[in-house]
Participant: 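Please see the structure below; I have some questions.
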Amino acid sequence: LGFDTFTSGSYLVVRARTDGRGYEMVFKDAVDGVRARLFHEAQMPFAQTDDWQEIRVELSDLLVTNTGRPVSADPFAKDDATEMGVILKDGVDGPFRLELDWVDVCADPQ
């Protein structure tokens with residue numbers, strides 16, 4: 001998945017198999033200054049099942065955070081995307097299972 005594909009995309013589709021814990025997808029963009037410390041986050045609402053699932057992550061709905069706390073800032077600059085990751089964010093220590101099959105950048109039909 002190249003970040004150049006973000007330019008035309010409006011959402012991601014993620015196919016995974018998971019234990020249903022609280023995972024989030026996080027993004028960073030290359031905007032300088034204070035934004036260098038900001039992340040753009042979206043919940044990944046997977047059910048606890050052994051089956052493969054697909055979820056949709058809207059790039060326009062990302063929550064801007066600094067050290068995990070929401071902040072007021074400009075939205076994610078998808079044309080300047082530099083990082084994408086997945087974090088476990090349910091505050092519970094212990095084993096976890098998340099198998100990513102694929103991530104695709106998609107656009108709504110015009």
Side-chain angles (χ1 to χ4, degrees):
L1 177 68
F3 287 117
D4 56 334
T5 61
F6 273 50
T7 302
S8 61
S10 56
Y11 65 94
L12 304 179
V13 175
V14 180
R15 185 173 195 267
R17 190 165 41 195
T18 178
D19 53 13
R21 291 186 61 185
Y23 297 97
E24 290 191 354
M25 187 161 268
V26 294
F27 303 88
K28 285 194 64 71
D29 56 31
V31 179
D32 293 329
V34 70
R35 284 186 53 97
R37 297 188 306 263
L38 301 182
F39 283 90
H40 306 269
E41 302 179 7
Q43 292 183 354
M44 300 174 71
F46 289 111
Q48 185 175 352
T49 178
D50 288 329
D51 297 328
W52 289 101
Q53 305 170 64
E54 292 178 18
I55 62 161
R56 182 172 168 150
V57 175
E58 298 287 342
L59 294 175
S60 62
D61 292 342
L62 299 176
L63 178 66
V64 184
T65 64
N66 182 344
T67 62
R69 294 183 177 86
V71 295
S72 179
D74 290 333
F76 178 57
K78 66 181 182 178
D79 294 345
D80 294 319
T82 58
E83 296 178 33
M84 178 178 73
V86 175
I87 60 172
L88 178 58
K89 195 171 178 182
D90 63 5
V92 179
D93 290 337
F96 64 93
R97 181 178 63 94
L98 173 68
E99 298 174 66
L100 288 176
D101 188 25
W102 49 260
V103 177
D104 197 8
V105 178
C106 303
D108 288 317
Q110 298 300 323

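The shown structure was predicted, so the numbers you read here are calculated from the model rather than taken from an experiment.
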Participant: Quick check on the hydrophobic clustering: are V86 and V103 connected, directly or via other members, by side-chain heavy-atom contacts under 4.5 Å?
Facilitator: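 Yes: a chain of side-chain contacts under 4.5 Å links V86 to V103.
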Participant: Do the side chain of E41 and the main chain of T65 share a donor and acceptor less than 3.5 angstrom apart?
Facilitator: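 Not at all, since once roles are kept as given, no pair shorter than 3.5 Å links the two residues.
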Participant: Please report the closest heavy-atom contact between A107 and G9, naming both atoms and the distance.
Facilitator: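 The pair with the smallest heavy-atom distance is CB-CA, 4.3 Å.
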Participant: Please list, chain by chain and in numerical order, all residues satisfying side-chain hydrogen bond (donor to acceptor under 3.5 Å, both in side chains) with D19, sequence neighbours excluded.
Facilitator: Y23
Participant: Please round to the nearest 0.5 Å and tell me the distance separating atom OG1 of T82 and atom CG of D80.
Facilitator: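 Rounded to the nearest 0.5 Å, the OG1-CG separation comes to 8.5 Å.
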Participant: Donor-acceptor check, side chain of R21 to backbone of P95, threshold 3.5 angstrom: yes or no?
Facilitator: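 Checked: pair present.
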Participant: Tell me whether M44 shares a hydrophobic cluster with V13, the cluster being built from Ile, Leu, Val, Met, Phe, Trp, Tyr side chains joined at under 4.5 Å.
Facilitator: no
Participant: Would you name the heavy atoms of A16 and L98 that are closest together and state the gap between them?
Facilitator: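 That would be CB-CD1, 4.0 Å.
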Participant: Identify whether W52 and F96 are in the same connected component of the hydrophobic contact network (ILVMFWY, side-chain heavy atoms under 4.5 Å).
Facilitator: no
Participant: Could you give the distance from CG (N66) to OG (S72), rounded to the nearest 0.5 Å?
Facilitator: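 With rounding to 0.5 Å, CG (N66) is 12.5 Å from OG (S72).
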Participant: Considering only heavy atoms from C-beta outward, does the side chain of L62 approach that of V64 to under 4.5 Å?
Facilitator: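 Counting from C-beta outward, L62 and V64 never come under 4.5 Å.
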Participant: Say you draw a straight line from NZ of K78 to OG of S60; how long is it, rounded to the nearest 0.5 Å?
Facilitator: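 Here the interatomic distance stands at 8.5 Å.
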Participant: Where do E24 and L63 land on the side-chain contact (heavy atoms from CB on, under 4.5 Å) test, with the steps shown first?
Facilitator: CA-CA 11 Å; E24 290 191 354; L63 178 66; over 6 Å; no
Participant: Tell me whether R97 contacts the main-chain N or O of T18 through its side chain, where contact means a donor paired with an acceptor under 3.5 Å.
Facilitator: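 Side chain of R97 to backbone of T18, a donor-acceptor pair under 3.5 Å: yes, one is there.
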Participant: Say whether I55 and F27 are linked into one hydrophobic cluster, either directly or through other cluster members, by side-chain heavy-atom distances under 4.5 angstrom.
Facilitator: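 Both belong to a single hydrophobic cluster.
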Participant: Can you tell me how far the CZ atom of R15 sits from the CD atom of E99, to the nearest 0.5 Å?
Facilitator: 10.5 Å
Participant: Tell me if a side-chain donor or acceptor on K28 pairs with a main-chain N or O of L38 at a distance below 3.5 Å.
Facilitator: yes
Participant: L88 and V57: same hydrophobic cluster, using ILVMFWY side-chain contacts below 4.5 Å?
Facilitator: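 Linked within one cluster.
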Participant: Nearest 0.5 Å, please: how far is CZ in F39 from CG in D29?
Facilitator: 10.5 Å
Participant: To the closest 0.5 Å, what do you measure between CG (D61) and CZ (F76)?
Facilitator: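 So the CG of D61 and the CZ of F76 are separated by 13.0 Å.
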Participant: Counting only heavy atoms not in Q43, do more than 12 fall under 6.0 Å of its CD?
Facilitator: no
